[in-house]
Amino acid sequence: MEKKPKKNLLFEVAWEVCNQVGGIYTVIRSKVPAMVDQWGDEYVCLGPYFPQRALTEYEPITSDDGSGIYQVVKKMREEGYAVEYGYWLITGKPRVVLFDHRSMAGQMDRIKYNLWERHQIPTINVEDLVNQTIAFGEMVRVFLTYFAQDYAKKFDITTHFHEWMASSGLPDLRREDVRIATVFTTHATMLGRYIASNERDFYQKLPFFDWKHEARYYNIEAQATIERLAYLSAHVSTTVSDVTARECEVFLGKYPDLVLPNGLNIQRFAAVHEFQNLHMKYKENIHDFIMGHFFQSYSFNLDKTLYFFTSGRYEYVNKGYDITLEALARLNWKMVQAKMDMTVVMFIVTKQPYHSINPDVLQSRAVLGEIQDTCEAIEKQIGDKLYMASASSTDHHLPDLNQFVDEYWRLRLRRTIQTWKTKRLPPYVTHDLKQPDSITDCCERTGLKNHEQDRVKIVYHPDFIASTNPLFGLDYGQFVRGCHLGIFPSYYEPWGYTPLECVVRGIPTVTSDLSGFGDFIMQIMRDYENRGIYVINRKTQNFDQAADQLANILFKFVRMNLRERIQQRNKVENISDVFDWGNLRSYYDTAHDLAAKKAFKTTVN
């Protein structure tokens with residue numbers, strides 16, 4: 001009797017499955033529809049269980065679905081592990097197993113002892129996040145061990161681990177020869193992120209760092225050791241860009257087997273003009289904010305105003321905020337010298353500790369709203385009376401419209417405008433920060449303080465943008481669509497979703513050749529600048545040269561006419577398909593195939 005061929009089963013493990021913390025959540029969540037297309041029911045996500053977060057993203061499976069997963073979860077529950085099994089409520093609706101690390105509290109000493117005894121992973125006095133991830137990693141190890149014991153004859157099992165937070169159990173899975181193929185992806189090395197923030201010329205010094213010495217110096221020995229061992233233990237070791245691959249070689253012990261670039265789940269519009277219409281629509285929301293923020297002090301022509309922005313974690317050097325501000329100061333000088341009548345408003349969107357939104361900013365918005373209400377009342381009154389006068393008049397001339405406005409409304413409008421106007425400069429920070437930071441220091445030093453004569457204005461918004469935000473009333477994606485240019489000249493950026501999010505929304509963007517995204521663009525496209533993607537050379541240029549290059553790019557962009565900017569938005573939007581997971585999933589397919597070949601090569605057919 002002929003043997004039934006085995007099915008392939010893929011588990012994808014990440015600390016950010018059903019748990020939004022940072023960029024890996026975007027990677028996993030956006031990739032799910034493409035993975036489900038490829039794997040169907042044989043694709044399952046594994047993540048941590050946090051009850052509050054699971055409320056909106058998780059739906060339990062309450063009866064045996066015949067997959068084997070339900071039985072393994074049941075077995076673990078009987079042994080005292082708190083495990084959830086159900087669906088992740090996102091596009092694609094994959095099955096998901098979630099592990100509650102709190103059920104491991106009584107076993108932590110044993111787990112830590114084993115990690116030291118078997119792998120010399122030091123976990124004494126580590127931060128709470130490390131304890132949580134170690135407990136989670138152990139539960140994942142137990143689950144995969146049990147599943148392989150019971151179902152390895154039915155399935156060829158591949159497990160893809162993302163980052164050190166999901167992977168403390170991976171070395172033991174290999175040590176115990178559990179019958180699964182393993183892939184590990186580092187999205188940014190722990191040491192790279194720490195050292196790049198603190199060391200000048202990080203990339204020049206990279207070959208000479210001693211990983212163990214640096215891990216001890218930055219007090220991240222546990223995390224760095226788990227990351228290194230997981231990377232070396234996996235059948236296939238991967239990272240997200242060639243830029244990060246160089247770090248892997250130094251900090252993790254070998255060059256990666258494969259590079260897996262990140263994508264997005266891109267939904268293209270049927271008609272080209274649709275994304276242009278959205279740009280116009282959300283730009284109006286930004287106009288409203290600008291009027292409330294600046295016009296109290298002085299005004300400028302909104303039809304000749306461009307909106308630039310940068311966003312991301314507050315990493316002043318890594319994210320390129322330093323070089324962006326320096327380039328903006330130079331751009332301001334160029335525009336003033338050229339006597340340009342254009343205005344650039346630069347939004348800096350990041351997360352920093354603050355007390356509250358600046359009360360003056362909120363007050364100005366409120367009074368502007370009152371001016372708008374008064375104008376609408378006057379408009380209605382004029383409209384009604386003009387209609388009556390026009391219908392009944394024998395005179396063909398336009399009546400004096402002033403006669404149609406009641407004295408009450410005239411007085412109210414005049415008084416409201418008088419109380420609103422001020423001689424003070426518009427604030428360049430929208431919130432009351434708990435303390436000054438490098439961004440405010442740089443604005444003070446370079447004089448980017450929203451003087452009327454300045455052609456570049458600064459709006460530093462130290463909180464992420466959401467639709468509940470009282471200043472914009474937009475979610476982040478809508479805000480991006482309303483802008484004209486995204487600026488992300490990162491010094492350290494393993495991939496870089498922020499410029500990619502601009503591209504898929506038809507917004508030109510600046511990146512750097514030290515970001516994974518910028519490096520990937522340079523490899524796959526020759527005429528990227530013509531298509532609205534500008535790449536700053538930070539590999540061979542010093543800070544001053546790179547800032548000059550960025551300032552020149554921005555000055556060139558400001559001098560474009562409206563038609564040229566619309567054409568560029570069309571070109572950017574047209575290349576977004578390149579980054580769809582439907583296309584980029586093939587990199588993951590290659591990694592999974594290679595891992596299976598390595599793991600199951602001794603199998604007799």
Side-chain angles (χ1 to χ4, degrees), residues 13-15 22-24 111-112 114-127 129-134 137 161-175 182-260 313 315 317-319 490-495 514-516 519 538-539:
V13 195
W15 184 249
I24 297 169
I111 296 167
K112 288 184 169 188
N114 286 340
L115 287 174
W116 174 253
E117 184 66 22
R118 296 172 184 174
H119 309 291
Q120 284 71 60
I121 298 173
T123 55
I124 295 170
N125 298 325
V126 292
E127 61 181 349
L129 175 63
V130 177
N131 286 328
Q132 292 177 26
T133 58
I134 287 170
F161 295 84
H162 291 267
E163 288 285 302
W164 68 271
M165 290 95 78
S167 310
S168 62
L170 203 167
D172 272 340
L173 288 168
R174 287 304 304 275
R175 183 175 179 270
T182 53
V183 179
F184 177 83
T185 298
T186 180
H187 294 257
T189 67
M190 282 294 293
L191 286 164
R193 195 177 289 288
Y194 272 81
I195 300 171
S197 301
N198 294 285
E199 281 279 353
R200 280 185 167 277
D201 304 321
F202 167 69
Y203 289 99
Q204 284 72 28
K205 295 174 182 175
L206 180 58
F208 309 108
F209 288 119
D210 177 303
W211 79 271
K212 214 169 189 62
H213 170 80
E214 299 297 334
R216 283 178 184 149
Y217 177 78
Y218 289 105
N219 198 27
I220 53 167
E221 201 174 353
Q223 299 95 308
T225 310
I226 291 168
E227 180 181 54
R228 183 181 172 96
L229 286 174
Y231 179 87
L232 294 174
S233 299
H235 290 101
V236 173
S237 309
T238 70
T239 191
V240 295
S241 67
D242 286 338
V243 173
T244 321
R246 293 159 60 197
E247 289 173 49
C248 293
E249 192 171 22
V250 173
F251 297 137
L252 304 184
K254 69 166 191 173
Y255 202 80
D257 299 308
L258 294 169
V259 169
L260 312 180
R313 271 192 307 273
E315 294 177 12
V317 173
N318 283 359
K319 295 292 182 186
S490 303
Y491 182 69
Y492 180 83
E493 188 72 78
W495 176 248
L514 288 179
S515 90
D519 185 64
R538 300 206 65 181
K539 281 181 181 173

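FYI, side chains are in, hydrogens and waters are out, and symmetry mates aren't considered; it's all heavy atoms of this structure. As the structure is a prediction and not an experimental result, all values here were calculated from the model.
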Any donor-acceptor pair under 3.5 Å linking the side-chain atoms of H119 with those of D172? yes
Tell me yes or no: between the side chains of H162 and T185, is some donor less than 3.5 Å from an acceptor?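 Per modelled atom types, H162 and T185 side chains form no pair under 3.5 Å.
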Kindly indicate whether the side chain of L229, heavy atoms from C-beta on, has any atom under 4.5 Å from the side chain of F184.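 Sidechains of F184 and L229: no contact.
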Do you know the tightest heavy-atom contact between [X] and [Y]?
{"X": "P122", "Y": "A222", "value": "O-CB, 3.1 Å"}
{"X": "Q204", "Y": "K539", "value": "NE2-O, 3.8 Å"}
{"X": "L170", "Y": "S233", "value": "CD2-CB, 3.7 Å"}
{"X": "T244", "Y": "A188", "value": "CG2-CA, 4.3 Å"}
{"X": "T186", "Y": "T239", "value": "O-OG1, 2.8 Å"}
{"X": "F161", "Y": "S167", "value": "CB-OG, 3.4 Å"}

What distance separates [X] [atom1] from [Y] [atom2], expressed to the nearest 0.5 Å?
{"X": "M190", "Y": "L252", "atom1": "CE", "atom2": "CG", "value": "11.5 Å"}
{"X": "K112", "Y": "L115", "atom1": "NZ", "atom2": "CG", "value": "9.5 Å"}
{"X": "L206", "Y": "E249", "atom1": "CG", "atom2": "CD", "value": "9.0 Å"}
{"X": "T189", "Y": "Y231", "atom1": "OG1", "atom2": "OH", "value": "10.0 Å"}

Any donor-acceptor N/O pair, [X] side chain to [Y] backbone, under 3.5 Å:
{"X": "D257", "Y": "S237", "answer": "yes"}
{"X": "T182", "Y": "H235", "answer": "yes"}
{"X": "K205", "Y": "R200", "answer": "yes"}

What pairs meet the side-chain hydrogen bond (donor to acceptor under 3.5 Å, both in side chains) rule with one or both residues in residues 208-218, with sequence neighbours excluded? R216-E221
Of the options R538, E315, E247, which is the one that meets Y492 in a side chain to side chain donor-acceptor pair (under 3.5 Å)? E247
R175: partners by salt bridge (charged side-chain N to carboxylate O under 4.0 Å, His left out), with sequence neighbours left out: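 R175 satisfies salt bridge (charged side-chain N to carboxylate O under 4.0 Å, His left out) with no residue once adjacent residues are dropped.
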